[in-house]
Amino acid sequence: MSLSDEIERLAQLRASGAMTEAEFAAAKQRLINGEPPAPPPPMPNQTLRSLDTEKNWVLALHLSQFAGYVVPFAGLVVPILIWQLKKADLPVLDPHGKVVANWLISACIYGLCAIPLLFIGVGFLVLITLGILGVVFPILGAIKASEGTVWPYPLSIAFFK
């Protein structure tokens, strides 16, 4: 590696925050004087940890809708709590929270509309469809979120934009 390549590498380390200005100047001087370079400081992995944390919270947000199968109404309350408590700390969580909240409100409205339809027999089909979509949509939302995209659940009414 040439001298200019080494200095460029040191400049990148300084720009990324892995090296202070004083450390950069000392390492650059060692290179110019022909001394063997000191081992570079480890690259910061704060961004990797941050991305993992964000991804975990987004996945938890989508999949927390299944908490309602364990504790009644937890599938409605837990996703809203996660969204409201963490959206200030993790801005990437906000659009996912809006998507999940829109679906929860829409599913409740569809379920309430299905009750009068039970008398003519169509309500059973609506409720069965809602039950299936209540399992499929959170799973697909979590898969898309793990890929880094916000997937608006189909059939949900956009209350929060």
Side-chain angles (χ1 to χ4, degrees), residues 8-24 39-161:
E8 179 64 31
R9 183 180 63 82
L10 290 173
Q12 288 174 351
L13 287 170
R14 180 189 59 186
S16 72
M19 180 180 277
T20 66
E21 188 66 39
E23 291 171 331
F24 171 74
M43 292 295 288
N45 59 1
Q46 178 63 28
T47 55
L48 293 177
R49 262 189 254 129
S50 174
L51 291 175
D52 286 344
T53 302
E54 289 174 353
K55 185 177 179 181
N56 289 340
W57 277 108
V58 170
L59 291 176
L61 174 71
H62 285 281
L63 297 177
S64 67
Q65 296 174 65
F66 294 126
Y69 294 115
V70 179
V71 177
F73 300 107
L76 297 172
V77 175
V78 173
I80 302 299
L81 283 175
I82 291 173
W83 174 40
Q84 291 301 312
L85 294 175
K86 287 294 188 178
K87 72 179 182 181
D89 298 335
L90 305 169
V92 74
L93 190 69
D94 191 41
H96 292 277
K98 290 177 183 176
V99 165
V100 170
N102 286 337
W103 168 247
L104 292 174
I105 294 169
S106 299
C108 289
I109 290 171
Y110 296 145
L112 290 174
C113 291
I115 292 173
L117 296 174
L118 288 172
F119 296 110
I120 59 173
V122 179
F124 291 109
L125 293 174
V126 173
L127 290 176
I128 289 170
T129 303
L130 274 177
I132 292 169
L133 295 178
V135 171
V136 172
F137 284 174
I139 292 171
L140 290 176
I143 290 170
K144 293 292 187 177
S146 71
E147 296 170 355
T149 59
V150 178
W151 182 67
Y153 294 7
L155 304 175
S156 63
I157 304 165
F159 296 102
F160 303 102
K161 295 180 182 178

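Basis for what follows: all heavy atoms, side chains included, without hydrogens, waters or symmetry-related copies. Counting begins at 1 with the first residue of the sequence.
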| Partners passing salt bridge (charged side-chain N to carboxylate O under 4.0 Å, His left out) against Glu21 (at least two apart in sequence or in another chain) | Arg14

| message | Please evaluate residues Ser156 and Val99 with respect to the criterion side chain to side chain contact (heavy atoms under 4.5 Å, CB included), reporting the C-alpha separation (whole Å), side-chain torsions for both, the decisive distance (0.1 Å), and the verdict. | response | CA-CA 8 Å; Ser156 63; Val99 165; 5.9 Å; no

| Inter- and intrachain pairs under salt bridge (charged side-chain N to carboxylate O under 4.0 Å, His left out), touching residues 68-97, at least two apart | Asp94-Lys98

Indicate every side-chain donor-acceptor pair of residues 107-135 with a distance under 3.5 Å to a residue at least two apart or in another chain.
{"from": "Tyr110", "atom 1": "OH", "to": "Leu155", "atom 2": "O", "distance (Å)": "2.5"}
{"from": "Thr129", "atom 1": "OG1", "to": "Leu125", "atom 2": "O", "distance (Å)": "2.7"}

| said: Counting C-beta onward and ignoring hydrogens, is there a side-chain heavy-atom pair between Leu140 and Trp151 closer than 4.5 Å? | reply: yes

| message | Measuring from atom CD1 of Ile105 to atom CD1 of Ile157, what distance do you get when rounded to the nearest 0.5 angstrom? | response | 9.0 Å

| Can you tell me if Asn102 uses its side chain to pair, donor with acceptor, with the backbone of Phe160 under 3.5 Å? | yes

| Atom CG in Leu85, atom CG in Leu90: separation rounded to 0.5 Å? | 11.5 Å

What donor-acceptor contacts under 3.5 angstrom involve side-chain atoms of residues 60-82, with partners at least two apart or in another chain?
{"from": "His62", "atom 1": "ND1", "to": "Tyr153", "atom 2": "OH", "distance (Å)": "2.7"}
{"from": "His62", "atom 1": "NE2", "to": "His96", "atom 2": "ND1", "distance (Å)": "3.1"}
{"from": "Ser64", "atom 1": "OG", "to": "Ala60", "atom 2": "O", "distance (Å)": "3.2"}
{"from": "Ser64", "atom 1": "OG", "to": "Leu61", "atom 2": "O", "distance (Å)": "2.8"}
{"from": "Gln65", "atom 1": "NE2", "to": "His62", "atom 2": "O", "distance (Å)": "3.1"}
{"from": "Gln65", "atom 1": "NE2", "to": "Tyr153", "atom 2": "OH", "distance (Å)": "3.1"}

| message | Once salt bridge (charged side-chain N to carboxylate O under 4.0 Å, His left out) is applied, do any residues pair with Lys144, and if so which ones, sequence neighbours excluded? | response | none

| task | Tell me, please, which residues at least two apart from Trp57 pass side chain to side chain donor-acceptor pair (under 3.5 Å). | result | none

| note | For Pro91, the side-chain contact (heavy atoms from CB on, under 4.5 Å) test, sequence neighbours excluded, returns none

